[in-house]
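Data block below; observations after.
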Amino acid sequence: MNIGIVCYPTFGGSGVVATELAKILAHQGHTLHILSYARPARLEEHNTNIFYHEVSINSYPLFEYPPYALALASQMVKLIEFEHLDLLHVHYALPHATSAYLARQIMAERGLHVPIVTTLHGTDITLVGKDPSYKHVVEFSIDKSDGVTAVSEYLKRETYENFDIKQEIKVIPNFIDLERFKATEQTELKKELAPNGEKLIVHVSNFRKVKRVPVVIQIFAKTLEKGIAAKLVLAGDGPDRQVAEQQCRTLGICEHVHFMGKWERVEDILSIADLFLIPSGSESFGLAALEAMSCSVPVISSDIGGLPEVNIHGVTGYACPLDDVICMADYAVQILTTPSLHATLAKNARKRAELFNQVHVVRQYEDFYEQVQSRSIKQS
Ligand code: GMT
């Protein structure tokens, strides 16, 4: 198939999922056209069958806010017309599903129907999308898509609860490359980060408020208080980085905390991690947790959103109520001081990650594309 993929280019999970999906589909012989306002972080090298198209936005003195959604719709029209797309798959509803709707209507006027698949990722539903300033347009655009998927059962439920959507939503979970994300020897890195054989607690995120980085630091501080020799590795960067640095200074624990900044090969850090923390305030899936589990790392998460669909309490790690630092620190101490428990959770984590094998999940997308395409051919 000739498939258009629209996504955000930044380090966020939806862009990662969209780009990795494109790479696998391209590898299987499909032709992929990725459309975004910058080159996606995971599209670092040349890939056969993948073509990257940048949305160019002309500014004009009148525009305080350049109309990105319109520029995107225009580019979509060009792609559909000149690259002969069979289907357009947009990741994150806002504004991608709206631009796609507009592009599809323009093409329909020209007698060509190209089906749109919208994948809901998280805050496009749970936060920004349901904000009154966007809600009606988001609701309309999702409902007008030819196929809709959500990355978890939780997100599907949230969508139906918050929007008047009649479309059937298919849950296709996020997926993992089990070959890339597996525990490997990282002797040098381990020596550098834990020179005295300390336990390594890891958190990876974009340091947005929703990720609760200050809670990660509180959990770590409590773990140290309990006498555990440990180091905290924080990979990623974002708005809460300064807050986190200040918090370490205030608590006097800076010497035990490594701020790694944005880190491409997170699997190297995960390979030497003893524990992964993801105490997010909102998470439709929690791709970072899945990446850790795939590297055989037990996870302590909050028990909200789609996280319990990934991290199974008592099996692959533990899930605690939101912001319950004591609960999370207690489990951290238990895992780090009981080798047999750690080994069981680590083994189970990898086993669970195998259920999200990219080979099987991407097949679900292909099947869904075929269904949507044949349905829309019948309708037109
Ligand atoms: O929804 C967002 O906040 C953005 C999005 C992203 O681009 O990072 O994250 C969401 O999509 C990821 C991939 O499907 C999920 O793993 C994340 O859980 C989800 N984030 C939230 O729900 C906060």
Side-chain angles (χ1 to χ4, degrees), residues 5-22 34 36-38 40-43 89-97 117-131 134 138 142 148-159 161-163 169-177 181 203-213 215-216 235-240 262 266 276-294 299 301-311 319 322 352-353 356 358 361-362 364-365:
I5 293 230
V6 182
C7 66
Y8 282 106
T10 42
F11 272 79
S14 63
V16 169
V17 170
T19 316
E20 294 299 336
L21 173 63
I34 298 188
S36 193
Y37 61 76
R42 287 273 179 107
L43 198 65
H89 185 178
V90 303
H91 291 259
Y92 204 87
L94 192 82
H96 302 158
V117 170
T118 296
T119 290
L120 310 172
H121 277 275
T123 51
D124 46 353
I125 296 301
T126 58
L127 196 68
V128 217
K130 71 178 185 194
D131 185 281
Y134 298 116
V138 172
I142 295 172
V148 183
T149 77
V151 297
S152 63
E153 293 291 343
Y154 157 79
L155 192 57
K156 175 178 171 173
R157 280 195 307 273
E158 279 293 296
T159 309
E161 263 165 43
N162 287 291
F163 299 90
I169 299 176
K170 179 165 178 62
V171 174
I172 302 185
N174 287 332
F175 51 86
I176 190 87
D177 178 350
F181 288 92
H203 169 79
V204 181
S205 78
N206 47 21
F207 283 51
R208 285 183 302 164
K209 279 242 159 326
V210 75
K211 301 294 173 184
R212 297 285 211 276
V213 183
V215 172
V216 171
D237 211 333
D240 267 357
K262 280 181 185 158
V266 278
F276 188 80
L277 298 180
I278 177 163
S280 306
S282 165
E283 204 73 74
S284 67
F285 183 88
L287 193 54
L290 181 59
E291 290 178 347
M293 287 161 56
S294 188
V299 169
S301 66
S302 39
D303 63 1
I304 51 94
L307 279 168
E309 292 173 47
V310 182
N311 177 33
L322 187 59
R352 176 134 189 95
F356 299 87
Q358 62 180 23
V361 178
V362 170
Q364 292 182 46
Y365 274 115

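Since the model is a prediction, treat every value here as computed from it, not as a measurement. Atoms within each ligand, like the ligands themselves, are counted from 1 in listed order.
- With a 4.0 Å cut-off on non-hydrogen atoms, Tyr8 does not touch ligand 1 at all.
- Residues satisfying the side-chain hydrogen bond (donor to acceptor under 3.5 Å, both in side chains) criterion with Asp237, sequence neighbours excluded, are Arg241.
- The Ser284 neighbourhood of ligand 1 comprises atoms 15 (C), 17 (C), 18 (O), 19 (C), 21 (C), 22 (O), with distances under 4.0 Å to a heavy atom of that residue.
- Classification of the His203-Phe276 ring pair by plane angle, with boundaries at 30° and 60°, yields parallel.
- For Arg208, a nitrogen or oxygen atom sits less than 3.5 Å from a nitrogen or oxygen atom of ligand 1, counting backbone and side chain alike.
- Residue contacts with ligand 1, taken as heavy atom pairs separated by less than 4.0 Å, involve Asn174 solely via side-chain atoms from C-beta onward.
- Numbered from 1 in the order shown, with element, the atoms of ligand 1 that lie under 4.0 Å from a heavy atom of Ser282 read 23 (C).
- Every residue was checked against the salt bridge (Lys or Arg N to Asp or Glu O under 4.0 Å) condition with Glu158, not counting sequence neighbours, and none meets it.
- The Tyr92 neighbourhood of ligand 1 comprises atoms 1 (O), 2 (C), 4 (C), with distances under 4.0 Å to a heavy atom of that residue.
- Enclosure of atom OH in Tyr134 is not indicated, since only 12 or fewer non-hydrogen atoms of other residues, nucleotides or ligands lie within 6.0 angstrom.
- Looking at Val151 against ligand 1, only its side chain comes within 4.0 Å, counting heavy atoms.
- For ligand 1, the atoms closer than 4.0 angstrom to any heavy atom of Gly122 are 1 (O), 22 (O).
- Between Tyr8 and Tyr92, the angle of the ring planes goes over 60°, which puts this pair in the perpendicular group of the 30/60° scheme.
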